[in-house]
Peer 1: 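Okay, here's the structure, questions in a sec.
Only this structure's heavy atoms are used, side chains among them; waters, hydrogens and symmetry mates stay out. Below, chains carry the letters A, B, ... as their sequence lines are ordered, and counting in each starts from 1.
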2 protein chains.
Amino acid sequence: MATIYEVSALAGVSLATVSRVINGSGRVSEKTSKKVRAAIQTLDYRPSSAAKSLASNRTDSVGVLVSEFHGPFYGAMMSGIESELRAKSKHGIFAAGHSDEISEKEGIEFLIDRSCDALILHVEAVSDAYLIELSKGKTPFVLINRFIPELADICISLNNDLGGHMAAHAMLDAGHTHIAYISGPLWKNDSRDRLHGFKNALEKALVPFDEGLLFEGDYHEESGRQGLLNFVKNKKKFTAVACANDEMASGVYKAARELGLTLPEDLSVVGFDHSIFASYLYPQLSSVNYPIGRMGKMAARLVLRNIYKALIKDIKHEFEPELISHDSIAQPK
Amino acid sequence: MATIYEVSALAGVSLATVSRVINGSGRVSEKTSKKVRAAIQTLDYRPSSAAKSLASNRTDSVGVLVSEFHGPFYGAMMSGIESELRAKSKHGIFAAGHSDEISEKEGIEFLIDRSCDALILHVEAVSDAYLIELSKGKTPFVLINRFIPELADICISLNNDLGGHMAAHAMLDAGHTHIAYISGPLWKNDSRDRLHGFKNALEKALVPFDEGLLFEGDYHEESGRQGLLNFVKNKKKFTAVACANDEMASGVYKAARELGLTLPEDLSVVGFDHSIFASYLYPQLSSVNYPIGRMGKMAARLVLRNIYKALIKDIKHEFEPELISHDSIAQPK
DNA sequence: TTGTACGCGTTATCAT
DNA sequence: ATGATAACGCGTACAA
């Protein structure tokens, strides 16, 4: 592999000049620049990223911690981050945190040890205190899907409360008054916010909420199924069920079929996230959209601006959900 | 950040010794080693990965090119790769190739410029010749989901031909003799292999295949829908349809419902990949399993063994598909 | 505008 | 077993 020395020799200039034309730093005459570029061409010279990092103290890499690689959710987020970074010649190093405190901390340590210039974190299990402490460290980061008042300027979050509102109103507007709710794990912030928004919307509409129609799931399909079976077992009356994500809504579909219910006539369902597979379900699932791809892009842009001093305007910290209507909501019989 | 100099000073030993302790290379007395470790602890010393890379000419990073980040397929693959690499303190740099020749080449260039120690490539659009040429270059790589005779020892592939066989037999065994096939793009190797296996199985079973019952889709849902509508429009007789992936099978479900068909009584369907959402469909989709997660792990293990000299046995180059039976196949009426 | 010289924090090759 | 020292390839003040 050719080095910058060979290039400078061939071009008949000093290596400082070569460095300048490569990085566009400092003034270089067009003539010299041309010679240098020619030399780079003929030698097929590629700068050593290691040497560059050592000298500049930057790696051009951004560590990204997601909960999981699979599933429709994080893929969209990673995709948004990667394309945005790559356009600026940076790259992402992705690691999984598995929604587990130990594992998330290990992941963060791993990425810091990789000497990433910055991190983008989608963490659920570590505490606010831990993150506030982390923010005092050397590696800057951005949080996605999380809001911590003390770190507001590095948070990219969804208005989950509003999302809960929308789920409730999707049902209220169709005339439902007995609406069950299958929540995510209540130790997660987003789960609590969605539920809060949901209850709040009912309250404002003067529709009482029966706590017996609340089931705490785990965001996986089977817990959605269990939730519906549970309501039925307890002989609850309800004509609609809102789910805190689409997987659980799919579980509700399954349980409904087991019970011989026809969707959406016998039961209206609304999901959350508007995952890619919402449209694979039958009837196609109405769902509150979570623009995670755009949020991933925004997180990358925030890093690009804060760390790499890219000229980026239009930074936005909070995103709004939106109801995507399909065929899973009918009027109550 | 503490450097190795400070550690050596505090421990009262030379640089070389510290380096030896860290990397476990060369003999070091237990006593010295202890002193060094203590110094590392108190200084909270972390080796600089850049300096390490520069001196050792390794980055401990593996570039991974996938077609897309989203969707159920690549997530499982990336997940397998990441966990396997991280266990050995290596990391993946992921990039997307979008199944497009230019874009795939750019992605490969990008990863090489990142000075990855090796690459894991899931490429569809670049030619065999290009890859053979690439193999003569400096950066070693492994191919996933592709078999090139000249590069057999760096290929991890699925027996797609056998998969096609299985899809055909799922139908034949249920008694179907008029079986349509919705293929992926025929410029892709896996599409061709699956189709070939499918036709071959029919032939062996002495069931003639009507070319009018072949439709070339693009692996996306809508093309599956188009395929089925196309067969019907042409007044073809068939009782079953095999799809080259699950997305297109989902499209077939949609078209079937539009046509008022009841699944699986009026039409049996089999998919390919056994994506996570195969079970979200109703009726749950029978599908030929593609163990992409395990294949990703295997690709990582191959890199670990070949490049990083890890002691790994049980390398396997070809994986076998497997029919996962659910509820989408019935006997013909 | 261009060149010189030093520093970045390791690994690895010699000696000792 | 341990230490001294030369690479590794580039960025960047500082000079010229």
Side-chain angles (χ1 to χ4, degrees), chain A residues 1-40 43-61 89 112-117 138-139 308-309, chain B residues 1-40 43-61 89-90 112-117 138 308-309:
Chain A
M1 199 79 233
T3 72
I4 197 169
Y5 292 99
E6 306 172 40
V7 174
S8 74
L10 180 59
V13 298
S14 78
L15 80 185
T17 304
V18 177
S19 176
R20 286 184 189 108
V21 316
I22 292 172
N23 300 304
S25 55
R27 307 284 81 190
V28 181
S29 77
E30 183 52 36
K31 224 178 69 185
T32 331
S33 171
K34 209 165 180 173
K35 278 195 301 189
V36 172
R37 276 197 289 265
I40 290 179
L43 290 176
D44 189 30
Y45 163 75
R46 320 268 188 120
S48 148
S49 58
K52 179 180 214 158
S53 295
L54 184 57
S56 67
N57 203 31
R58 288 190 341 184
T59 58
D60 289 340
S61 69
S89 294
I112 290 178
D113 279 350
R114 271 14 224 182
S115 50
C116 295
D117 294 333
K138 189 171 144 293
T139 309
Y308 297 111
K309 308 306 174 196
Chain B
M1 199 82 230
T3 74
I4 196 170
Y5 291 99
E6 305 173 39
V7 174
S8 75
L10 180 59
V13 299
S14 77
L15 287 192
T17 304
V18 178
S19 178
R20 288 187 188 103
V21 173
I22 294 170
N23 300 303
S25 54
R27 308 285 77 189
V28 181
S29 76
E30 183 52 38
K31 222 177 71 183
T32 330
S33 172
K34 208 163 179 176
K35 277 194 303 188
V36 172
R37 276 196 290 263
I40 291 178
L43 292 174
D44 187 30
Y45 163 73
R46 320 269 189 117
S48 148
S49 57
K52 179 180 215 155
S53 295
L54 183 57
S56 67
N57 204 29
R58 289 188 338 182
T59 57
D60 289 341
S61 70
S89 295
K90 313 286 179 261
I112 290 179
D113 279 349
R114 271 15 222 179
S115 52
C116 295
D117 295 333
K138 189 171 143 288
Y308 297 111
K309 307 307 173 195

Peer 1: Within the 4.0 Å heavy-atom criterion, would you say B/R46 contacts the bases, only the backbone, or no part of the nucleic acid?
Peer 2: sugar-phosphate
Peer 1: Go through residues 3-10 of chain A and report each residue with a non-hydrogen atom lying under 4.0 Å from DNA chain C, sorted by number.
Peer 2: none
Peer 1: Using every non-hydrogen atom in the two residues, find where B/S89 and B/D60 come nearest and quote the distance to one decimal.
Peer 2: O-CB, 4.2 Å
Peer 1: Show the nearest heavy-atom pair for residues B/S48 and A/L54, with the distance to one decimal.
Peer 2: OG-CD1, 4.4 Å
Peer 1: Report which part of the nucleic acid A/L15 touches: base, sugar-phosphate, or nothing (heavy-atom distance under 4.0 Å, all strands).
Peer 2: base
Peer 1: Where the side chain of B/S56 meets the backbone of B/K52, is there a donor-acceptor pair that is under 3.5 Å apart?
Peer 2: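 Side chain of B/S56 to backbone of B/K52, a donor-acceptor pair under 3.5 Å: yes, one is there.
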Peer 1: Give, for atom CZ of B/R20 and atom CG of B/L15, the distance between the pair rounded to the nearest 0.5 Å.
Peer 2: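 Taking CZ in B/R20 and CG in B/L15, the distance rounds to 10.5 Å.
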Peer 1: What is the distance from atom CG of B/L43 to atom CD1 of B/I4, rounded to the nearest 0.5 Å?
Peer 2: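 Separation between the atoms: 12.0 Å.
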Peer 1: Taking atom types as they are modelled, would you say the side chain of B/R20 forms a donor-acceptor pair with the base of D/dG3 within the 3.5 Å cutoff?
Peer 2: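 Pair found.
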Peer 1: Look at all strands and tell whether B/S48 reaches a base, only sugar-phosphate, or nothing, counting heavy atoms closer than 4.0 Å.
Peer 2: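 Touches sugar-phosphate only.
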Peer 1: Can you measure A/R58 atom CZ to D/dG9 atom C1' for me and round it to whole angstrom units?
Peer 2: 16 Å
Peer 1: How would you label the contact of B/S53 with the nucleic acid (heavy atoms, under 4.0 Å): base, sugar-phosphate, or nothing?
Peer 2: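 No contact.
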Peer 1: For side-chain contact (heavy atoms from CB on, under 4.5 Å), just list the numbers for B/C116 and B/S61, CA-CA rounded to whole Å, side-chain angles, deciding distance to a tenth of an Å, and then say yes or no.
Peer 2: CA-CA 5 Å; B/C116 295; B/S61 70; 4.0 Å; yes
Peer 1: Tell me what A/N57 touches on the nucleic acid: a base, only sugar-phosphate, or nothing, going by heavy atoms under 4.0 Å.
Peer 2: nothing
Peer 1: Looking only at heavy atoms, which two atoms of A/I22 and A/Y45 are closest? And how far apart?
Peer 2: CD1-CE2, 3.5 Å
Peer 1: Of B/S33 and B/L54, whose nearest nucleotide on DNA chain D comes first from the 5' end?
Peer 2: B/S33
Peer 1: By nearest heavy atom, map B/S56 and B/V28 onto DNA chain D; which one lands nearer the 5' end?
Peer 2: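 Taking each residue's closest nucleotide, the earlier one in sequence belongs to B/V28.
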Peer 1: Using modelled atom types and a 3.5 Å cut-off, is there a donor and acceptor pairing between side-chain atoms of B/D117 and backbone atoms of B/T59?
Peer 2: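 The answer is yes, because a donor-acceptor pair under 3.5 Å joins these two groups.
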Peer 1: Closer than 4.0 Å, any side-chain N/O of A/S25 to the OP1 or OP2 of D/dG11?
Peer 2: no
Peer 1: Can you give the first and last nucleotides of DNA chain C, 5' to 3', that have an atom under 4.0 Å from a heavy atom of chain B?
Peer 2: C/dG9 to C/dA12
Peer 1: Let me know, please, whether B/P47 or A/G12 comes out on the 5' side of the other along DNA chain C by nearest nucleotide.
Peer 2: A/G12
Peer 1: Would you say the side chains of B/S115 and A/S49 form a donor-acceptor pair under 3.5 Å?
Peer 2: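 Short answer, yes.
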Peer 1: Which listed nucleotide (D/dG11, D/dT2, D/dC8) is nearest to the side chain of B/S29?
Peer 2: D/dT2
Peer 1: Could you work out which one of D/dG9, D/dC10, D/dG3 sits closest to the side chain of B/V13?
Peer 2: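 Among the listed nucleotides, the one closest to the side chain of B/V13 is D/dG3.
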